[in-house]
Trainee: 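Take this structure, written in structure tokens, and hold onto it; I'll ask about it next.
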Amino acid sequence: MILRTSSLFSRLVAVLALVLAAGAGLLLAAAWASARLAADEAYDRLLVGAALQIAETIASDGRTVSVDPPFSAFETLALSPRDRIFYKVVDPADRVLTGDTDLGIPVDRARLAAGPLLLDGEHRGQAVRAVVTGRYVPDARQAGFAAVVLAQTREARSQLTRTLTVKASLMVLAMSALALGAVAVAVRAALRPLGAIESVLAARGPNDLEPLGLAAPREIHLLVSSIDHFMGRLAGHVAVMKRFIADAAHQIRTPLTALAAQLDLLSAETDEGRRREQLARIRARTAELGQLTNQLLNHAMVIHRARAAAFDPVDVAGLARRTLIDAVQQAGSRAVDFGYEGPEEAVTIPADAIALREALSNLIHNALKHGATSRLTVRVGRERGRVLLAVEDDGPGIPASEWTRVRQPFQAAAGGTVGSGLGLSIAAEVAAAHGGAMRFEAHSEKGFCVILSLPDGEGRA
């Protein structure tokens, strides 16, 4: 069962939306900081201008210092009705000439000669922005700098900051919404090839395993290639299965038909001698049918394991000895000399032990049934980096003209005894699955030999 999760489109849009939201948050923070800086710069110019206007009116008659703050200095600052203005003017001796005596903004006299100084402070429980500027009074009784301290509450600045921030925020949000819409359209367009793959697969019938044949972007080309490769492998498996089922049905139908006919003859036969003959034929036919069924199942097992079984280290010499011992009873009452030639120590290769044993068992069975008259030998050896597993008998063997044909399923050698034609096919398929091959050798003196040549190493040759 495939678990259903959120769509790839939703995931991509959600991730990109989070990125856009994070970017929008940073832009809003930057917009607020920029708006506050702009508001401070605008009102600071007005504050400094008003303080300088007041400083211009500071004068001295040689005995006393006087000041006459102009109305225009406060008129500009009074444009914001919610803001309050505080000021004081002190002479060089720090005596308050006019203004709010309790205005606690400090005056740094060492700094007055450098020009207006802007600073933040608090007065009467309200946050204020203040400017301190000086005017040198040379003809006073105590020559030095008179100071002007002018402070304004921050309501107007805060209001301007909010206004600028709201306007910037609306622009950022509008651009983010447009960007998110563009992202959704772009993601939808980018995922369109996946939709095309889905449509092609959904429109196909269950038996259509042809490649997709779609032109795919580079990012999903591997996906399309993997699907095509998988469908190609599946088509190959299905073709093999169909061929096997068709061949098996054909091969089983013939002996079943013959068995049914012999049963009909037996039921109509009244002569006791002929009934015994018919029963003997039925037993033989049943044994052949059982052997055919076993070989068909073994063939199916070999086909499956060739595509699914993992390889493990296998001692070929030990496997050959055990298989030969198990096959001795197949000779029955025949006087056949069984022999093993090969090393006593382990000859290990990466292989599927079950399939390899089945291949060797079929070769031995074939040699006993169709070849060996008095001798059957199993050999294990090495040859140019490969391990050889051979079954030799002293029978007439298979004509060289038949060597290619008998490798195919259900193709028994011409002129031989009745058989299913699966033994050599199973052995050939097992050898191929191991990266090896099956070959025949006919020796005039020793007889006929079937050899499985298998890679000797950790990988398939």
Trainee: Taking V172's backbone N and O only, do any of them form a donor-acceptor pair with S176's side chain (distance below 3.5 Å, no angle check)?
Mentor: yes
Trainee: Check for a donor-acceptor pair, side chain of S267 on one end and backbone N or O of D264 on the other, with a separation under 3.5 Å.
Mentor: yes
Trainee: Which label fits F440 and W403: parallel for a plane angle under 30°, tilted from 30 to 60°, or perpendicular past 60°?
Mentor: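 F440 vs W403 ring planes: tilted.
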Trainee: Evaluate the side-chain contact (heavy atoms from CB on, under 4.5 Å) criterion for residues R204 and E210: first the C-alpha distance (whole Å), next the side-chain angles of each, then the deciding distance (0.1 Å), finally the verdict.
Mentor: CA-CA 10 Å; R204 288 196 169 195; E210 291 297 319; 4.1 Å; yes
Trainee: Do we get R321 above Y340's six-membered ring, with its NZ or CZ under 6.0 Å from the centre and within 45° of the axis?
Mentor: yes
Trainee: Looking at Q152, is its backbone amide N or carbonyl O close enough to the side chain of D83 to form a donor-acceptor pair, meaning the two atoms are under 3.5 Å apart?
Mentor: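 Looks like no, no N/O pair under 3.5 Å.
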Trainee: Check R129 against L118 and note the closest heavy-atom contact, atom names and distance.
Mentor: NH2-CB, 3.9 Å
Trainee: Is it true that atom CZ of R274 has more than 12 heavy atoms of other residues, nucleotides or ligands lying nearer than 6.0 Å?
Mentor: no
Trainee: Checking the side chain of T153 only, and the main-chain atoms of R84 only, is there a donor and an acceptor separated by less than 3.5 Å?
Mentor: yes
Trainee: Please step through side-chain contact (heavy atoms from CB on, under 4.5 Å) for the pair R386 and L454, ending with a clear verdict.
Mentor: CA-CA 6 Å; R386 301 178 79 83; L454 306 172; 5.8 Å; no
Trainee: With sequence neighbours left out, write down each residue that passes side-chain contact (heavy atoms from CB on, under 4.5 Å) with A21, or none if nothing qualifies.
Mentor: none
Trainee: Are the side chain of D393 and the backbone N or O of A367 linked by a donor-acceptor pair below 3.5 Å?
Mentor: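 No: the side chain of D393 does not pair with the backbone of A367.
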Trainee: Taking R36 as the fixed residue, which of R154, R162, E41, R157 is the one that meets the side-chain contact (heavy atoms from CB on, under 4.5 Å) rule?
Mentor: R154
Trainee: Verify, without hydrogens or angle tests, whether S34 (side chain) and A30 (backbone) share a donor-acceptor contact under 3.5 angstrom.
Mentor: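 Judged by distance alone, no pair lies under 3.5 Å.
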Trainee: Is the ring pair H434/F311 parallel, tilted or perpendicular, if the boundaries are 30 and 60 degrees?
Mentor: parallel
Trainee: Yes or no on side chain to side chain donor-acceptor pair (under 3.5 Å) for T348 and D315, after CA distance, side-chain angles and deciding distance?
Mentor: CA-CA 4 Å; T348 304; D315 176 14; 5.0 Å; no
Trainee: Can you confirm whether more than 12 heavy atoms, excluding those of E383, are under 6.0 Å from its CD atom?
Mentor: yes
Trainee: Do NZ/NE/NH1/NH2 and the carboxylate oxygens of R375 and E392 come within less than 4.0 Å?
Mentor: yes
Trainee: More than 12 non-hydrogen atoms from neighbouring residues, nucleotides or ligands closer than 6.0 Å to CZ on R111, yes or no?
Mentor: yes
Trainee: According to side-chain contact (heavy atoms from CB on, under 4.5 Å), who are the partners of A327, at least two apart in sequence or on a separate chain?
Mentor: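 side-chain contact (heavy atoms from CB on, under 4.5 Å) check on A327 returns Q330, I364.
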Trainee: Considering all heavy atoms of both residues, which atom of A359 and which atom of L452 are nearest to each other, and what is their separation?
Mentor: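 The answer is CB-CD1, 4.2 Å.
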